[in-house]
There are 2 protein chains.
Amino acid sequence: MGSERSEPGSVRPGGRTARVRAAVLQAAGDALAERGFAHLDLADIARRAEVGKTTVYRRWGTVTSLVADLLVDMAEQSLSRTETGSLLGDLKANARLVQRTLADPRQGALFKAMIAAATCEAKTAEALHHFYDIRVEEWAHCVQQAIDRGEVPEDTDTHEVIRAVSAPLYYRLLTSGDPLDEDAADRAAEAAAAAARAGAYLRSK
Amino acid sequence: MGSERSEPGSVRPGGRTARVRAAVLQAAGDALAERGFAHLDLADIARRAEVGKTTVYRRWGTVTSLVADLLVDMAEQSLSRTETGSLLGDLKANARLVQRTLADPRQGALFKAMIAAATCEAKTAEALHHFYDIRVEEWAHCVQQAIDRGEVPEDTDTHEVIRAVSAPLYYRLLTSGDPLDEDAADRAAEAAAAAARAGAYLRSK
DNA sequence: CCCATAACGGGACCCCAGTTTCGTTAATCG
DNA sequence: CGATTAACGAAACTGGGGTCCCGTTATGGG
């Protein structure tokens, strides 16, 4: 009495428990990608993962919190970052990476579904924000290098430049039916670079 | 036999039927805004609209197709467009309009929910795309005027410039917890204007 | 003004997502 | 290696979201 009930998997996270988590997250990603966020039930995920339905309900409970866990998992696996020596080159590399990810049928659907899930619950939204914070943070360095090289003004908000590259690609993914091609990626990078050089992303208003 | 079953409301769209549609769409907007897209059932909407549950299921059937209809309804009501005489001024006006809409608790939640719904079904996605096509088309004129004034290069893709203004605002709404303030709107407008002047949105690749 | 019928609405029904129960398996510690 | 118990999983159960049936209302045409 009075003792806090800890989350399942926190006391014995090894062996079987870890295997179950991996299988369920894998199945959740598959289901999310091919069926979409709306018509998705945990029973189906349990079936795919060859795991007891009870287990899924006990450990995650709702679709949104399962997606939140999936996001935590994805945030942990970092992607490599290329360096080309110029701001435009680096931003293009970033834009191409984002574009390829979103254009891929499975990954694209997965990201759409995760964004949808994040609009439905605060916890999931937080996980999504954290995911993007990490990605943005990683790439912000290349903007800092551009500042050091004198390519862009001194107190440019480095994070904001990186976000400016992704924004049009996500906007197109969500609000238009047009395909996400390499031209779109290059245009996003060029626009962000041009705006950054012109001082549109200065920290001081 | 062989006769097509027509959608309810298409043969007798007047009087009661129109009243029911209006009440249901109103209720759907309210429910979407305050409860979110995920935990939303048509029975609850019927209750709010003081309409028979059967009616809602017969005419719309699923949450996503109800959202699609809501989008058609919203696309019909056009918003006024200001003209300031300069590209930056017009883009700022547009950015502020989008920012105020998304920052408003009810409207913001509604837009999030509609985007989420659009990721779940093709029909709804189409309705959403159409909605934005109309909005973008309306504001594209002010970019054309900027071209005529010689502010931006000749074959600038006018629609793309307008989308570039909205993109960062939507991106922030969905992927970050930061508030959508006027600074964000101004920055979006300035970035788009700077990139447009620099020729980042030329039609010819 | 009146008729044919499109569309609405109440209520019974049913299926399955989500819960509860309890027995089984295997992770961790000594 | 053996005891303890966290975590899993099969099966029975339940409640509410979604469907069906059929009577009622009121629209639009003649």
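Within every chain, numbering begins at 1; the chains are lettered A, B, ... in the order of the sequence lines, protein sequences first and strands thereafter.
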- Expected string for nucleotides 24-30 of chain D under the B/S/- scheme (protein heavy atoms, under 4.0 Å, primed atoms plus P, OP1, OP2 as sugar-phosphate) is -BBBS--
Separation of [X] atom [atom1] from [N] atom [atom2], in whole Å?
| X | N | atom1 | atom2 | result |
| --- | --- | --- | --- | --- |
| B:Trp60 | D:dG17 | CH2 | C1' | 18 Å |
| B:Tyr57 | D:dG16 | OH | P | 14 Å |
| A:Arg59 | C:dT19 | CZ | C1' | 19 Å |
| A:Leu66 | C:dA17 | CG | P | 16 Å |
| A:His39 | C:dC16 | NE2 | C1' | 17 Å |

- May I ask you to check whether over 12 heavy atoms, not counting those of B:His129, lie within 6.0 Å of atom NE2? yes
- Item | Whether over 12 other heavy atoms sit under 6.0 Å from A:Arg48 CZ | yes
- Task: From the options D:dG9, C:dT19, C:dC8, select the nucleotide whose nearest atom is closest to the side chain of B:Arg58.
- Result: C:dC8
- Message: Under 4.0 Å, heavy atom to any atom of DNA chain D: which of residues 42-54 of chain A qualify?
- Response: A:Val51, A:Gly52, A:Thr54
- Item | Residues B:Leu70, B:Leu110; criterion side chain to side chain contact (heavy atoms under 4.5 Å, CB included); working and verdict | CA-CA 11 Å; B:Leu70 184 61; B:Leu110 184 57; 4.2 Å; yes
- Out of A:Arg59, A:Lys123, A:Arg21, which one pairs with A:Asp69 under the salt bridge (charged side-chain N to carboxylate O under 4.0 Å, His left out) rule? A:Arg21
- Task: Under the side chain to side chain contact (heavy atoms under 4.5 Å, CB included) rule, what do A:His159 and A:Tyr201 come out as? Steps first, then yes or no, please.
- Result: CA-CA 9 Å; A:His159 291 60; A:Tyr201 301 117; over 6 Å; no
- Item | B:Val24 and B:Trp60, any side-chain heavy atoms less than 4.5 Å apart | yes
- Contact list for residues 104-116 of chain B, test side chain to side chain donor-acceptor pair (under 3.5 Å), sequence neighbours left out: B:Asp30-B:Arg106
- Mind grabbing the angle between the end helix axes of the helix from C:dC1-D:dG30 to C:dG30-D:dC1? Five pairs an end, 10° rounding. 60°
- Name all residues meeting the ring pair (Phe, Tyr, Trp, His ring centres under 6.0 Å) criterion together with A:Tyr170; count only those two or more places apart in sequence or in a different chain, and write none if there are none. A:Tyr132, B:Tyr171
- Task: Kindly say whether B:Asp186 contributes a backbone atom to a donor-acceptor pair with the side chain of B:Arg96 at under 3.5 angstrom?
- Result: no
- Task: May I have the step-by-step check of side chain to side chain contact (heavy atoms under 4.5 Å, CB included) for B:Leu128 and B:Val67, ending in yes or no?
- Result: CA-CA 9 Å; B:Leu128 187 76; B:Val67 173; over 6 Å; no
- Task: Under the side-chain hydrogen bond (donor to acceptor under 3.5 Å, both in side chains) rule, collect the residues that match up with A:Thr62, sequence neighbours excluded.
- Result: A:Thr64, A:Ser65
